[in-house]
There are 2 protein chains.
Amino acid sequence: MFKEDYSIEKTAEILKLLGDKTRLTMLKILDKQTCCVCEFVEIFQVSQPSISQHLRKLKAAGLVSEERRGQWIFYSLHKANEYYPLIQQILLHLPNQEDKLLELEEKGTRVSCC
Amino acid sequence: MFKEDYSIEKTAEILKLLGDKTRLTMLKILDKQTCCVCEFVEIFQVSQPSISQHLRKLKAAGLVSEERRGQWIFYSLHKANEYYPLIQQILLHLPNQEDKLLELEEKGTRVSCC
DNA sequence: TTATTATATAACTATTTGCTTATATAGGTA
DNA sequence: TACCTATATAAGCAAATAGTTATATAATAA
């Protein structure tokens with residue numbers, strides 16, 4: 001009742017993606033909530049292109065998926081991904097990040113469209 | 001009965017270290033066997049300084065420990081490390097690498113001192 | 001002592017990375 | 001239509017990375 005092995009090469013690629021503070025935090029947030037680009041920009045206090053580039057990498061690896069709602073594009077963890085079991089195990093070790101979006105809600109800058 | 005959370009920052013650092021094919025394979029090997037620098041050189045077919053530099057990074061993070069035996073310095077996984085539970089979970093997903101040192105034994109280039 | 005072997009460190013280089021600013025694209029609204 | 005907002009992409013740059021060769025250090029053997 002145990003998973004297939006992952007290849008070392010592909011696993012190293014995935015871990016390199018997770019080996020960045022910003023992307024790792026993004027994934028931890030997305031494990032519980034969906035989030036759009038402009039919210040990430042406010043959370044991490046970096047430029048919008050920087051966030052888009054991180055998300056592009058995560059999407060290229062199949063780790064996140066996107067869904068457009070009006071002007072906004074919401075990202076979420078792609079839980080059907082082959083590597084999700086590994087990623088979830090890793091994320092379980094990390095402190096909850098739900099406060100990040102809660103702060104935006106309190107400031108009134110949470111995007112809540114639709 | 002569950003572990004403390006790791007910090008996002010330190011976890012990202014650890015994952016960045018694991019996010020390299022050579023280092024990830026090293027750790028998988030060291031999870032089961034001890035291995036010295038010259039054996040890694042033969043396994044990975046890269047220069048000796050390259051191997052030493054990878055091992056230095058892993059040692060600086062506390063992931064491996066070294067033990068000198070004569071001319072050789074044997075490395076092993078530092079299982080008392082705070083991050084070992086995380087690392088072991090990751091390594092469990094990877095294919096067994098014990099064939100690597102077995103090959104050296106068959107070629108007669110396995111170091112077996114002491 | 002000298003020579004040999006194993007490992008570490010220094011210096012260099014090419015590549016990759018993560019950010020920035022500027023610009024393009026796409027949807028919503030007046 | 002024109003304008004505004006959200007996002008993506010392009011281009012440029014400084015820092016980090018992973019390798020190399022050359023050299024230093026340490027243990028062993030002659």
Side-chain angles (χ1 to χ4, degrees), chain A residues 8-9 12-27 30 34-61 63-76 101 104 108-114, chain B residues 8-9 12-27 30 34-61 63-76 101 104 108-114:
Chain A
I8 297 236
E9 287 78 1
E13 269 178 51
I14 300 289
L15 295 175
K16 182 181 288 182
L17 282 176
L18 304 207
D20 174 275
K21 177 182 178 311
T22 302
R23 285 192 297 265
L24 189 59
T25 310
M26 282 176 155
L27 291 174
L30 293 177
T34 65
C35 193
C36 71
V37 177
C38 59
E39 291 170 329
F40 279 134
V41 169
E42 198 172 340
I43 290 171
F44 293 109
Q45 296 287 309
V46 292
S47 68
Q48 174 267 314
S50 176
I51 296 295
S52 281
Q53 285 156 17
H54 282 304
L55 288 167
R56 182 166 53 173
K57 287 181 189 182
L58 294 174
K59 197 177 61 169
L63 303 190
V64 303
S65 39
E66 58 179 36
E67 182 202 352
R68 181 178 278 275
R69 296 188 215 154
Q71 295 170 272
W72 296 275
I73 297 179
F74 281 78
Y75 284 86
S76 53
L101 282 170
L104 298 198
T109 54
R110 177 87 159 107
V111 171
S112 37
C113 72
C114 316
Chain B
I8 298 238
E9 288 79 1
E13 269 178 51
I14 299 288
L15 295 174
K16 181 180 288 184
L17 282 177
L18 304 208
D20 174 275
K21 178 183 179 307
T22 302
R23 284 192 297 264
L24 189 59
T25 310
M26 282 176 155
L27 291 173
L30 292 178
T34 64
C35 194
C36 70
V37 177
C38 60
E39 291 170 329
F40 279 132
V41 169
E42 198 173 341
I43 290 171
F44 293 109
Q45 296 286 308
V46 294
S47 68
Q48 174 265 315
S50 176
I51 296 295
S52 281
Q53 284 156 18
H54 281 305
L55 287 168
R56 184 168 48 173
K57 287 181 188 182
L58 294 174
K59 197 177 62 170
L63 303 190
V64 302
S65 39
E66 59 181 33
E67 180 201 354
R68 181 177 278 276
R69 295 188 216 153
Q71 295 169 273
W72 297 276
I73 297 177
F74 281 77
Y75 284 85
S76 53
L101 282 169
L104 298 197
T109 54
R110 177 85 158 108
V111 171
S112 37
C113 72
C114 317

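Naming convention: chains lettered A, B, ... in sequence-line order (proteins, then strands); numbering from 1 in each chain.
- When each of B:Leu55 and A:His54 is assigned the nucleotide of DNA chain C bearing its nearest heavy atom, the one mapping closer to the 5' terminus is B:Leu55.
- Under the side chain to side chain contact (heavy atoms under 4.5 Å, CB included) criterion, B:Gln71 pairs with no residue at all, not counting sequence neighbours.
- Between C:dG18 and A:Ser50, no contact under 4.0 Å exists linking OP1 or OP2 to a side-chain N or O.
- Taking 4.0 Å as the cutoff to heavy atoms of chain B, we find the contact window on DNA chain D bounded by D:dT17 to D:dT28.
- Summary of the strand contacts: B:Gln48 and B:Lys57 both lie near DNA chain D, and taking for each the nucleotide with the nearest heavy atom, the more 5' one is attributed to B:Lys57.
- Annotation: side chain of A:Val37 is in contact with side chain of A:Leu55 (closest heavy-atom distance under 4.5 Å).
- Applying the side chain to side chain donor-acceptor pair (under 3.5 Å) rule to pairs touching residues 50-61 of chain A yields A:Arg23-A:His54, A:Gln48-A:Ser52, A:Lys59-A:Glu66, sequence neighbours excluded.
- Shown here for A:Val46 and A:Val41, the closest heavy-atom pair between the two residues is O-CG1, 3.3 Å.
- The minimum heavy-atom distance between B:Ile43 and B:Cys35, with the atom names listed, is CD1-SG, 4.5 Å.
- Using a 4.0 Å heavy-atom criterion, one finds that B:Lys16 contacts the sugar-phosphate atoms exclusively.
- Proximity of residues 18-27 of chain B to DNA chain C (heavy atom under 4.0 angstrom from any strand atom) is not detected for any residue.
- Scanning all heavy atoms of the two residues, the minimum distance from A:Ile73 to A:Arg68 falls at CD1-NH2, 3.6 Å.
- Side-chain contact check for B:Leu30 versus B:Leu63: every heavy-atom pair is 4.5 Å or farther apart.
- One interatomic measurement links the two molecules: CG of A:Leu58 to P of C:dT17, which rounds to 13 Å at whole-angstrom precision.
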Give every pair of a protein N or O atom and an N or O atom of nucleotides 27-30 of chain C that lie under 3.5 Å apart, one pair per line with the distance.
none

| said: The test is side-chain contact (heavy atoms from CB on, under 4.5 Å); show your working for B:Met26 and B:Phe44 and say whether it passes. | reply: CA-CA 9 Å; B:Met26 282 176 155; B:Phe44 293 109; 3.6 Å; yes
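- Residues A:Phe74 and A:Cys36 form a side-chain contact, since some pair of their non-hydrogen atoms from C-beta on lies under 4.5 Å apart.
- Remark: C1' of C:dT9 and CZ of B:Arg56 are 6 Å apart, rounded to the nearest angstrom.
- In this structure, A:Tyr75 reaches the sugar-phosphate backbone alone: every heavy-atom distance under 4.0 Å involves primed, P, OP1 or OP2 atoms, never a base.
- Applying the salt bridge (charged side-chain N to carboxylate O under 4.0 Å, His left out) test to pairs two or more places apart or on separate chains, those with a residue in residues 42-54 of chain B are B:Glu42-B:Lys107.
- The minimum heavy-atom distance linking A:Gly19 with B:Leu15 is given by the pair CA-CB, 3.9 Å.
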